[in-house]
2 protein chains.
Amino acid sequence: MAKPFLPNASEVLSRSKLPLYLQLAAEFRRNIAQGIWMPDQQIPSLEALMAQYQVARMTLRNAIGILEEEGYIRRGRGKGTFVQRNIPNVTELQIPSNWEETVALSDLLGTESIADGEHAIASLPDLGMKFSGQYAKAYRHLCRLHVKDGVPYCFSEVYLAEDLFKQHKAAFLKAAAASVIARIPGLKIHEARQKITISGAGIESARALNLNVDDSVAEVRRYACDKEKLIYYARLEFPTKFVKLEFDLCP
Amino acid sequence: MAKPFLPNASEVLSRSKLPLYLQLAAEFRRNIAQGIWMPDQQIPSLEALMAQYQVARMTLRNAIGILEEEGYIRRGRGKGTFVQRNIPNVTELQIPSNWEETVALSDLLGTESIADGEHAIASLPDLGMKFSGQYAKAYRHLCRLHVKDGVPYCFSEVYLAEDLFKQHKAAFLKAAAASVIARIPGLKIHEARQKITISGAGIESARALNLNVDDSVAEVRRYACDKEKLIYYARLEFPTKFVKLEFDLCP
DNA sequence: GCCCATTTGTCCGTATGTATG
DNA sequence: ACATACATACGGACAAATGGG
């Protein structure tokens with residue numbers, strides 16, 4: 001149990017390239033989310049916050065102005081600043097952890113095409129996971145956006161075995177791939193794996209998901225095989241503000 | 001399959017508060033990570049990139065300068081800019097998905113104290129998960145940093161049932177809690193759940209984890225019960241650059 | 001060696017946003 | 001509200017190195 005060296009708060013705030021008032025806004029949003037600043041409670045005065053964080057008054061006013069726009073707090077001349085009772089909250093989406101859940105989520109979301117490949121391609125990008133099975137001869141590439149109640153939840157690049165795609169082209173162009181695969185008679189999934197990492201949105205996915213560039217997204221890579229070959233590979237991006245993963249540790 | 005409205009690239013880049021050159025650096029880093037820019041290949045010239053992204057030459061130079069510092073590319077006057085062969089890669093950490101893995105990870109990481117509560121407290125913060133069992137009378141709060149090879153991997157706030165803590169105080173102050181709990185004779189875990197979400201680092205955790213404020217972290221909330229009561233609750237933060245979650249979808 | 005197109009490196013002037021006191 | 005300082009972003013001009021004919 002050593003005592004680690006830690007930089008002080010001012011150093012941490014100044015080494016980031018993000019504008020100071022946005023860093024502070026993030027910290028205050030956190031204070032509310034974690035219940036350190038409770039609903040209907042008054043938050044510390046500007047004087048107190050200036051002393052605590054060692055920043056200028058205008059910087060704090062800018063930061064708090066953001067929280068006010070977002071509806072987290074209300075300010076009153078001479079009264080002070082108070083946390084709102086009803087904090088706006090987001091619908092979280094459980095990332096599937098088995099094939100059934102994958103299909104169920106696919107059924108739930110609407111599908112909009114962004115760019116569909118017109119031709120088959122010969123090879124897949126790096127799976128990022130162990131896979132020692134067989135690849136199909138050719139794949140079709142689809143790029144789409146999945147939506148729920150008009151809100152974009154998932155940007156996806158899907159690769160489907162060409163022969164399978166051709167047999168069910170209309171269905172694959174209309175719905176999420178896992179939904180279609182699950183309803184093909186006689187087709188059984190024998191192997192499927194998934195790897196989740198967190199990265200930043202690129203320009204393309206930021207456009208589609210209505211995010212800023214480099215906003216964090218959960219990147220899900222997923223493949224499925226039938227008895228013989230890899231028939232499905234997808235790289236999905238979910239905005240992390242929607243992402244949740246909950247499970248029993250004692251199954 | 002509707003055609004969604006999408007803003008153009010310039011709009012996406014300008015609506016973010018993050019400096020433009022940092023957004024571009026993120027996009028380029030992504031191009032390399034995803035194999036769009038391959039090792040030893042020349043990337044587009046400044047002229048070409050200026051046309052593609054509609055930004056000034058100096059802005060691109062700043063962006064590319066960052067990638068050069070990070071060792072992703074090399075530049076040569078008159079020659080062009082090339083992707084490096086050996087991309088620096090990070091060690092990913094598998095987030096545990098059952099109690100055994102939780103204990104195994106705890107065994108792996110060193111533990112440094114940041115702030116240990118001197119006294120017992122009566123109540124726990126909101127679990128963020130369903131739990132209908134019994135709480136213990138009092139809990140002890142510990143705040144620590146978990147390290148591997150000198151690199152901070154995990155910031156944790158742990159709450160332990162007071163009686164259990166008092167019985168094994170020395171052990172709990174020296175090692176990660178799950179490690180200690182797993183080695184207490186006669187103690188069996190009957191229920192344990194975990195919920196993972198992604199949020200931004202606060203000032204405290206950014207200090208400890210050597211991150212910037214609002215850098216994305218995986219927030220893991222986890223509890224465990226013995227036969228009668230909730231004996232362990234933890235809120236953990238992992239820098240998302242280390243986080244990986246891989247599993248079989250057909251168990 | 002020489003010219004030339006290409007590409008990166010450097011510098012200037014200006015405007016805007018951020019942060020301080 | 002103001003004066004000041006600094007980083008960001010733009011557009012332009014020119015220098016320096018490279019490689020091909």
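- Here the closest non-hydrogen pair linking A/L209 and A/F155 is CD2-N, 3.7 Å.
- Pair check for D/dT8 finds C/dA15; Watson-Crick or G-U wobble, both atom distances under 3.5 Å.
- Distances shown here put a side-chain N or O of B/T81 below 4.0 Å from the OP1 or OP2 atom of C/dT8.
- Taking only side-chain nitrogens and oxygens, B/R61 never comes nearer than 4.0 Å to OP1 or OP2 of C/dT8.
- Rounded to whole angstrom, the span from the OH atom of A/Y21 across to the P atom of C/dT20 amounts to 13 Å.
- When the side-chain nitrogen and oxygen atoms of A/K17 are compared with OP1 and OP2 of D/dT8, one or more of them lie within a distance under 4.0 Å.
- The structure places OG of B/S10 at 12.0 Å from CZ of B/R15, a figure rounded to the nearest 0.5 Å.
- Atom C1' of nucleotide C/dG9 and atom CD1 of B/I73 are separated by 14 Å, given to the nearest angstrom.
- The interatomic distance linking B/M50 (CE) with C/dT6 (C1') rounds to 15 Å, in whole Å.
- We find that CG of B/L18 is positioned 17 Å from P of C/dG17, with the value rounded to whole Å.
- Nearest nucleotide to the B/K79 side chain, out of C/dG9, D/dG19, C/dT20: D/dG19.
- Taking the ring centroids of A/Y233 and A/Y223, they lie at or beyond the 6.0 Å cut-off.
- In this structure, B/R57 and B/L60 both approach DNA chain D, and ranking their closest nucleotides by distance from the 5' end singles out B/L60.
- Atoms CD and CZ, on B/E157 and B/R221 in that order, are 9.5 Å from each other to the nearest 0.5 Å.
- Here the P atom of nucleotide D/dA9 and the CD1 atom of B/I64 are 14 Å apart, to the nearest Å.
- Atoms CG (B/N62) and P (D/dC10) sit 10 Å apart, rounded to a whole Å.
- Distance, B/L46 CG to D/dC10 P: 13 Å, rounded to whole Å.
- Atom CD of B/E47 is separated from atom P of D/dG11 by 12 Å (rounded to the nearest Å).
- Ranked by how close their nearest DNA chain D nucleotide is to the 5' end, A/M58 and B/A56 are led by A/M58.
- Side-chain nitrogen and oxygen atoms of A/T59 include at least one within less than 4.0 Å of the OP1 or OP2 phosphate oxygen of C/dT20.
- The pair B/E68-B/R74 does not count as a salt bridge, with every side-chain nitrogen at least 4.0 angstrom from each carboxylate oxygen.
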